[in-house]
**Student:** 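Take this structure, written in C-alpha cells, and hold onto it; I'll ask about it next.
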Amino acid sequence: MKATIDREGCISCGLCASTCPEVFRMADDGRAEVCADPVPESAEDAAVEARDNCPVSVITVE
C-alpha cells in the first residue's frame, strides 16, 4: 500500500499526522508529508482513516 499527499492543497490541520503518525508527519513548512513508503501493514487501517477524514481530500492511499 502506498500513500501520497497533494501538498499544495494541504491546509496544515494535522489530522493525518495525529491519526496515523506511522505514515504522516508535519514537515518543516507546516504541511503534511508522507514519512513511510510503503505503508506498514500495521498502519494500513489508520492510513485509510486519515485519508477518509482529511477535510480537503488531498490524501491518496492505494
Side-chain angles (χ1 to χ4, degrees):
M1 184 173 272
K2 180 176 178 68
T4 58
I5 297 177
D6 173 10
R7 297 187 77 239
E8 291 295 315
C10 178
I11 59 170
S12 305
C13 73
L15 184 65
C16 59
S18 64
T19 301
C20 187
E22 301 88 357
V23 177
F24 306 104
R25 67 180 171 208
M26 301 310 289
D28 291 338
D29 65 0
R31 293 183 182 163
E33 67 181 4
V34 175
C35 61
D37 184 29
V39 173
E41 207 172 301
S42 61
E44 288 180 355
D45 289 342
V48 169
E49 181 181 348
R51 177 200 65 199
D52 292 348
N53 292 322
C54 177
V56 288
S57 301
V58 297
I59 299 172
T60 302
V61 178
E62 27 185 44

**Student:** Do any pairs count as a side chain to side chain donor-acceptor pair (under 3.5 Å) and have a residue in residues 11-21, sequence neighbours left out, and if so which ones?
**Tutor:** none
**Student:** Is any side-chain heavy atom of Ile59 less than 4.5 Å from a side-chain heavy atom of Thr4?
**Tutor:**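 A side-chain contact under 4.5 Å is absent here.
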**Student:** Less than 4.5 Å apart, side chain to side chain, heavy atoms only: is that true for Leu15 and Phe24?
**Tutor:** no
**Student:** According to the side chain to side chain donor-acceptor pair (under 3.5 Å) rule, which pairs have a member within residues 22-33, sequence neighbours left out?
**Tutor:** Arg7-Asp29, Arg25-Glu33
**Student:** Quick check: closest heavy atoms across Lys2 and Asp37, and the distance to 0.1 Å?
**Tutor:**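 The pair with the smallest heavy-atom distance is NZ-OD2, 3.2 Å.
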**Student:** For residues 47-58, which side-chain donor-acceptor pairs fall under 3.5 Å, sequence neighbours excluded?
**Tutor:**
residue: Arg51; atom: NH1; partner: Val61; partner atom: O; Å: 3.4
residue: Asn53; atom: ND2; partner: Glu49; partner atom: O; Å: 3.1

